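Below: one structure, written as structure tokens.
For clarity, every value in this text was computed on a predicted model and none was experimentally measured. Just so you know, residue 1 is the first one in the sequence shown, and it goes up from there.
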Amino acid sequence: MSSMQSNSSANVTFVRPATFFLNGFSNIPHAKYFYVFLSLVYVVTVLGNSFIMCIIYLARRLHTAKYIAVFHLAFSDLCGSSALIPKIIDTFLFGHHDVSYEVCFVSMFFVYHFMNLQSLTLLVLSYDRLIAICFPLHYHAIVTKPSMFLIIGVMWILSMAYFSVHVGLLNRLSICSSNVVNSYFCDYGPVCRLACNDNSLNLLMGKICFGFLICLPPILIIISYFCIALALLKIAHGVDRIKAIKTCTSHLILVAVFYLPILSNNIAAATTPIHPNARIINNSLTQIIPPMLNPIIYTLKTEEVMQSIKELYKRSKVNTISEKIMKFSVRN
């Protein structure tokens, strides 16, 4: 579907396509309705995450270490969706299936990088709850704004370094059999499978990526909540115990929404035969739905956020009334 460019070095011919052809939704009937759905999801994702970031920025009571992490989760959700959904719509709705070799790898880097940041931020929020409930007297000394900024900074450096290597290793592959990627974006596995030379290192990196970045964080989150459960059992008063549990509910829902679809999809793919169209739709939904739901869940399930929204609304109402009074007095 596109011309192949060959480069020879050290008696080995590396074939690199000028473009990749994305073939993900091409054979799905009535796919245009799905693209309309994707557009609506993206609009809700942008509005929801922008709203939660504005609330955190404007409300002084939310200027805490915990809400720095929540702000970062909203930012990662917004960037992750922006790296994926507009490109899907452009590719399949408007027929721009050909993606240049370089753009394909850049797109892959950002999709995986922001997905990883979402996963790690959920882990950081579980750490926040662990310290808050298990070590309440030391919480404000341990979980500080500088420490949270440091954790987020380290997350960015490690994630960018890892995925630079992860994606960069694809350059060693000779892609000579086909340039058709059977996915809805430049996905790592489908690109690897196009290689004609040894791709064992790349497949190993893919397994390491899945193990450390998808499986390890939920395991650590489960361990942290096991420790939290033990701490809750030691609380004598039932009312205090319920209050402590309520501070964890929104985070637990976010964890379930993010990890359960990814893990169940991968387990199902490994154990039962799945139609390629079903696999593509399931995988796409696991990436686009959590960023849309996260701000809604945090807004509705977190009392501090709801109180901040009410305070900001009252303040804006008072300011509007004051401005009207000022204008009226000036006229008179």
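- Shortest non-hydrogen contact noted between Asn197 and Ser174 is OD1-N, 2.9 Å.
- Contact of the Ser50 side chain with the Leu78 side chain is registered, since non-hydrogen atoms from C-beta on lie closer than 4.5 Å.
- Taking both residues in full, the closest heavy atoms of Pro86 and Ser81 are given as CD-O, 3.3 Å, listed atom of the first, atom of the second, then distance.
- Side-chain contact between Ile89 and Ser39 is present, with heavy atoms from C-beta onward closer than 4.5 Å.
- Across every non-hydrogen atom of Leu58 and Arg315, the tightest pair is O-NH1, 4.2 Å.
- Aromatic ring centres of Tyr162 and His113: separated by at least 6.0 Å.
- In this structure a side-chain-to-backbone donor-acceptor pair under 3.5 Å is present from Asn179 to Thr19.
- Hydrophobic clustering of Ile, Leu, Val, Met, Phe, Trp and Tyr side chains at less than 4.5 Å, counting indirect connections, unites Ile152 with Met160.
- By the rule that hydrophobic residues join a cluster once side-chain heavy atoms approach within less than 4.5 Å of another member, Val191 and Leu201 end up as members of one cluster.
- The shortest distance between side-chain heavy atoms of Tyr42 and Val46 falls below 4.5 Å.
- Within 6.0 Å of CD on Glu311 lie more than 12 heavy atoms contributed by other residues, nucleotides or ligands.
- Between Leu62 and Ile55 there is a side-chain heavy-atom pair separated by less than 4.5 Å.
- Residues Phe25 and Phe92 share a closest heavy-atom pair of N-CE2, 3.4 Å.
- Of the possible donor and acceptor atoms, none in the side chain of Asn182 sits under 3.5 Å from a partner among the backbone N and O of Gly24.
- For His251 and Tyr225, the distance between ring centers is under 6.0 angstrom.
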Legend entry - Verdict with supporting geometry, Arg172 and Asn202, side chain to side chain donor-acceptor pair (under 3.5 Å): CA-CA 9 Å; Arg172 62 184 287 277; Asn202 300 85; 2.7 Å; yes
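- In this structure, the separation between CD on Glu303 and OG on Ser308 is 10.5 Å, given to the nearest 0.5 Å.
- Hydrophobic clustering, with ILVMFWY side chains joined whenever heavy atoms are under 4.5 angstrom apart, keeps Trp156 apart from Val154.
- Of the possible polar contacts, one joining the Thr286 side chain to the Asn283 backbone as a donor-acceptor pair under 3.5 Å is found.
- Residues Phe105 and Tyr101 bring their aromatic ring centres within 6.0 Å.
- The shortest distance between side-chain heavy atoms of Ile274 and Thr272 falls below 4.5 Å.
- Smallest separation of non-hydrogen atoms from Ile151 and Val124: CG2-CG2, 3.7 Å.
- Remark: Ser264 OG to Asn282 CG distance equals 8.0 Å, nearest 0.5 Å.
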Inset, instruction - Before giving the answer on disulfide (SG to SG under 2.5 Å), spell out for Cys104 and Cys186 the whole-Å C-alpha distance, their side-chain angles and the decisive distance to 0.1 Å. - result: CA-CA 6 Å; Cys104 179; Cys186 283; 2.0 Å; yes
Inset, instruction - List the steps and the verdict of side-chain contact (heavy atoms from CB on, under 4.5 Å) for Arg129 and Leu125. - result: CA-CA 6 Å; Arg129 292 299 84 205; Leu125 285 168; 5.9 Å; no
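- Using modelled atom types, no side-chain atom of Arg61 and backbone atom of Gln307 make a donor-acceptor pair closer than 3.5 Å.
- Side-chain contact between Val143 and Lys66: absent, with no pair of heavy atoms (C-beta onward) separated by less than 4.5 Å.
- A single hydrophobic cluster is not seen to contain both Leu117 and Leu158; linkage of ILVMFWY side chains at heavy-atom distances under 4.5 Å, directly or through other members, places them apart.
- Side-chain atoms of Ser119 come within 3.5 Å of backbone atoms of Leu213 as a donor-acceptor pair (strictly under, hydrogens ignored).
- Atom SG of Cys209 is separated from atom CG of Leu204 by 11.5 Å, given to the nearest 0.5 angstrom.
- Side-chain atoms of Leu93 and Lys32, non-hydrogen and from C-beta on, do get closer than 4.5 Å to each other.
- Cluster annotation: Val257 and Leu40 are assigned to distinct hydrophobic clusters (Ile/Leu/Val/Met/Phe/Trp/Tyr, side-chain heavy-atom contacts under 4.5 Å, transitive).
- A donor-acceptor contact shorter than 3.5 Å links the side chain of Asn199 to the backbone of Cys192.
- Residues Val181 and Phe20 approach most closely at CG2-CD2, 3.7 Å, considering heavy atoms.
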Legend entry - Steps toward side-chain contact (heavy atoms from CB on, under 4.5 Å) verdict (Leu254, Leu73): CA-CA 10 Å; Leu254 298 185; Leu73 179 63; 3.8 Å; yes
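- Here Ser76 contributes atom OG and Leu120 contributes atom CG; the two are 9.0 Å apart, rounded to the nearest 0.5 Å.
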Inset, instruction - Please step through side chain to side chain donor-acceptor pair (under 3.5 Å) for the pair Ser159 and Tyr112, ending with a clear verdict. - result: CA-CA 9 Å; Ser159 182; Tyr112 279 110; over 6 Å; no
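- By the 6.0 Å contact criterion, NE2 on His63 is enclosed, its count of non-hydrogen atoms from other residues, nucleotides or ligands being greater than 12.
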Legend entry - Evaluation steps, side-chain contact (heavy atoms from CB on, under 4.5 Å), between Asp77 and Gln118: CA-CA 7 Å; Asp77 286 340; Gln118 292 165 24; 3.3 Å; yes
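- For the side-chain contact (heavy atoms from CB on, under 4.5 Å) with Gln287, the lone residue among Phe114, Tyr184, Phe258 that qualifies is Tyr184.
- Under the 3.5 Å distance criterion, the side-chain polar atoms of Thr302 are left unmatched by any main-chain donor or acceptor of Val305.
- At a threshold of 4.5 Å between non-hydrogen side-chain atoms, the residues Ile88 and Leu38 count as touching.
- Annotation: Phe75, atom CZ; neighbour count of heavy atoms from other residues, nucleotides and ligands within 6.0 Å does not exceed 12.
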Inset, instruction - Mind running side chain to side chain donor-acceptor pair (under 3.5 Å) on Thr121 and His72 for me, showing each step along the way? - result: CA-CA 7 Å; Thr121 306; His72 183 259; 3.0 Å; yes
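- With Cys196, the cysteine Cys176 has an SG gap short of 2.5 Å.
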Inset, instruction - Mind running side-chain contact (heavy atoms from CB on, under 4.5 Å) on Ser178 and Phe21 for me, showing each step along the way? - result: CA-CA 9 Å; Ser178 172; Phe21 185 89; over 6 Å; no
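- Note: Met205 CE to Leu170 CG = 9.5 Å, rounded to the nearest 0.5 Å.
- Expressed to the nearest 0.5 Å, how far CG of Leu232 lies from CD1 of Ile242 amounts to 11.0 Å.
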